[in-house]
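Worksheet for the structure shown next.
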Amino acid sequence: MNTLKSPGNVSELAVCGGSPAFSEPLLVGRPNIADRERLFARFNDMLDRRWLSNNGPFVQEFERRLCALMGVRHCIPVCNATIGLEIAIRAAQLHGEVIVPSYTFVATAHALQWQEITPVFCDVDERTHNLDPAQVERLITPRTTGIIGTHVWGRPCDIDALAEIARRRNLTLMFDAAHAFACSYGGRMIGGFGRAEVFSFHATKFLNSFEGGAIATNDDELAARIRLMKNFGFAGFDKVVFIGTNGKMTEVCAAMGLTSLEGLDALVDVNRRNYHAYVQGLASVPSVSLLGYDESERCNFQYIVIELDSSAGLSRDEVVAMLTAENVIARRYFWPGCHRMEPYRSYFPHAGLLLPNTERMSERVIVLPTGTAVSPQDVDVLCGVLRVALTSPEAVRRALASRNAAA
Ligand code: T4K
């Protein structure tokens, strides 16, 4: 149990010598744990029937339930979203150059580069944090074969605009939907857009299967290739018809995925409750804006994303350091942008010139904890810490500077 202490004024902040607001670390990405009884019952079934992997009954049931939820023809479970992206990219026969955001988790870019396809980094719209369609159009060359948008924070890309560009320029459009499970766009569930959409069920994601992912598509022919590719290319005993890899989801992961799926509505409720607590708590915090969700759509509310004004008096990294002292381990996703990570930094040293929004945004975003491990009381205390710190930024800055000097 986390014991809480609300700072009344700046001298009570941990950076200024007070005790931390939280006795235990408050982490971004704490896994949501579904009903243990149901999970353990599934583990017993699995052990009793001695079927542990290779398209077992839980994996098949997981796929059926995912398809029903999203209204798609196929939603093929895989071992994780990174391998899912690699397989989808290969099955769709992308090559040459593919346009992607730099403001995404590095796996989006790696899934291309791993196959010697060049990720061409595109800038994002600062309001949405997603690919800016106008910039996409400018980056198309004769070598471009596709566009992969990421639905960052589960807030969908401008899918209509991207689909129009892809159609007009004869490009394959796919989505990294790692964040966007159980979200909708124009009333339709994410999963059914583009040629394929790839979900992550990693431990830190809204819905987790320990590790895992799924590739959703309405394209039967693509789905058939993906099914072969995730299983070494086997089309029957001893018959390999395709180059493949091992992208299979295990039964233990599918059991966790199914159990998490049964708790989906409760998870959304918890995340929505925390999001509203942040909306309320941050309303009186100076220099901070909270990225909002469009509640007329289905949202998973999995990411609490704040941006710091340039007038805040503290840098983003100072705020993160101040929070760390309070035992709040906030994250700077997706700083510094894929283009500033290797190997892309060496391959494209000047990429940043075309990514001004990405560079500015990744310097001011902070992701705060939510999920079932976080209570509205935690949110209230955390917002109180931010309020006190950002009301007296000079004192916090001095305290941080003297801590750094002493270290
Ligand atoms: N595309 C996008 C847009 C993605 O965001 C991701 C993954 C992918 C593709 C690839 O999906 P997968 O191949 O993973 O299915 C974390 C996750 O590892 C990663 O899955 C996720 N995105 C990314 C946004 O976050 P790190 O490097 O920040 O992980 P780490 O170890 O620092 O953990 C994050 C936080 O979660 C920490 O506060 C600790 C906490 N945590 C983590 C785990 C694993 C727990 O409390 N318990 C746990 O079991 O990447």
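We use all heavy atoms of the structure for the numbers below, so side chains are in, but hydrogens, waters and symmetry mates are not. One-based numbering, in listed order, for ligands and for the atoms of each.
- Between Glu61 and Arg65 there is a salt bridge, with a side-chain nitrogen of the basic residue lying less than 4.0 Å from a carboxylate oxygen of the acidic one.
- Applying the side chain to side chain contact (heavy atoms under 4.5 Å, CB included) test to Arg398 and every residue at least two apart in sequence or in another chain returns Glu394, Ala395.
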What side-chain donor-acceptor pairs closer than 3.5 Å can you find for residues 154-164, not counting sequence neighbours?
residue	atom	partner	partner atom	Å
Arg155	NH1	Gly292	O	2.6
Arg155	NH2	Arg127	O	3.2
Arg155	NH2	Thr128	O	3.2
Asp158	OD1	Ala161	N	3.2
Asp160	OD2	Tyr185	OH	3.3
Glu164	OE1	Arg168	NH2	3.1
Glu164	OE2	Arg168	NE	2.8

Full working for side-chain contact (heavy atoms from CB on, under 4.5 Å) between Phe301 and Val268: CA-CA 7 Å; Phe301 304 94; Val268 175; 4.2 Å; yes
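- Residue Tyr333 has at least one N or O atom closer than 3.5 Å to an N or O atom of ligand 1.
- Phe334 and His179 have parallel rings, their planes meeting at less than 30° on a 0 to 90° scale where 60° marks the start of perpendicular.
- Between Glu137 and Arg169 a salt bridge is recorded (basic side-chain N to carboxylate O distance below 4.0 Å).
- Regarding atom 30 (P) of ligand 1, its nearest protein heavy-atom neighbour is Arg331 NH1, 3.9 Å.
- Between Arg42 and Asp45 there is no salt bridge, since no side-chain N of the basic residue sits under 4.0 Å from a carboxylate O of the acidic one.
- Scanning all protein heavy atoms for the shortest distance to atom 43 (C) of ligand 1 gives Thr204 CG2, 4.1 Å.
- Considering each of Arg30, His179, Lys205, the one bringing a non-hydrogen atom nearest atom 19 (C) of ligand 1 is Lys205.
- With respect to atom 9 (C) of ligand 1, the closest heavy atom belonging to the protein is Asp176 OD2, 3.4 Å.
- Of the heavy atoms in Phe201, none comes closer than 4.0 Å to ligand 1.
- Of all the atoms in ligand 1, the ones that sit under 4.0 Å from a non-hydrogen atom of Leu27 are 38 (O), 46 (O).
- Taking the six-membered ring where the residue is Trp, Trp153 and Tyr333 present tilted rings, their angle falling between 30° and 60°.
- When the heavy atoms of His202, Glu86, His151 are ranked by distance to atom 14 (O) of ligand 1, first place goes to His202.
- Note on ring orientation: taking the six-membered ring where Trp is involved, the planes of Tyr344 and Phe348 are parallel (angle under 30°, cut-offs 30° and 60°).
- Considering both main-chain and side-chain atoms, Ala203 never comes within under 3.5 Å of ligand 1 through any nitrogen or oxygen pair.
- Close to ligand 1: Thr104, with a non-hydrogen atom less than 4.0 angstrom away.
- When each atom of ligand 1 is checked for a heavy atom of Thr150 under 4.0 Å away, the hits are 3 (C).
- In terms of protein heavy-atom proximity, atom 35 (C) of ligand 1 is nearest to Val28 O, 2.9 Å.
- Counting only heavy atoms of the protein, atom 4 (C) of ligand 1 lies nearest to Phe105 CB, 3.3 Å.
- Residue Thr82 places at least one N or O, backbone or side chain, under 3.5 Å from an N or O of ligand 1.
- From the protein, the heavy atom lying nearest to atom 15 (O) of ligand 1 is Ser200 OG, 2.8 Å.
- The aromatic rings of Phe201 and Phe199 lie parallel to each other, with less than 30° between the two planes, well short of the 60° mark.
- Under 4.0 angstrom from ligand 1, there are no non-hydrogen atoms of Glu211.
- With hydrogens left out, the protein atom closest to atom 41 (N) of ligand 1 is Gly29 O, 3.6 Å, a heavy atom.
- Checked against Leu13 for a side chain to side chain contact (heavy atoms under 4.5 Å, CB included), the options Ser392, Ser19, Pro7, Pro20 give a single hit: Pro7.
- Summarising the geometry of Ile329 relative to Pro25, their closest heavy-atom pair is CG1-CB, 4.2 Å, with the distance given to 0.1 Å.
- Of the candidates Gly212, Ala107, Cys79, Pro31, the one placing a heavy atom closest to atom 45 (C) of ligand 1 is Pro31.
- Within the 4.0 Å heavy-atom criterion, the part of Ala178 lying near ligand 1 is the side chain and not the backbone.
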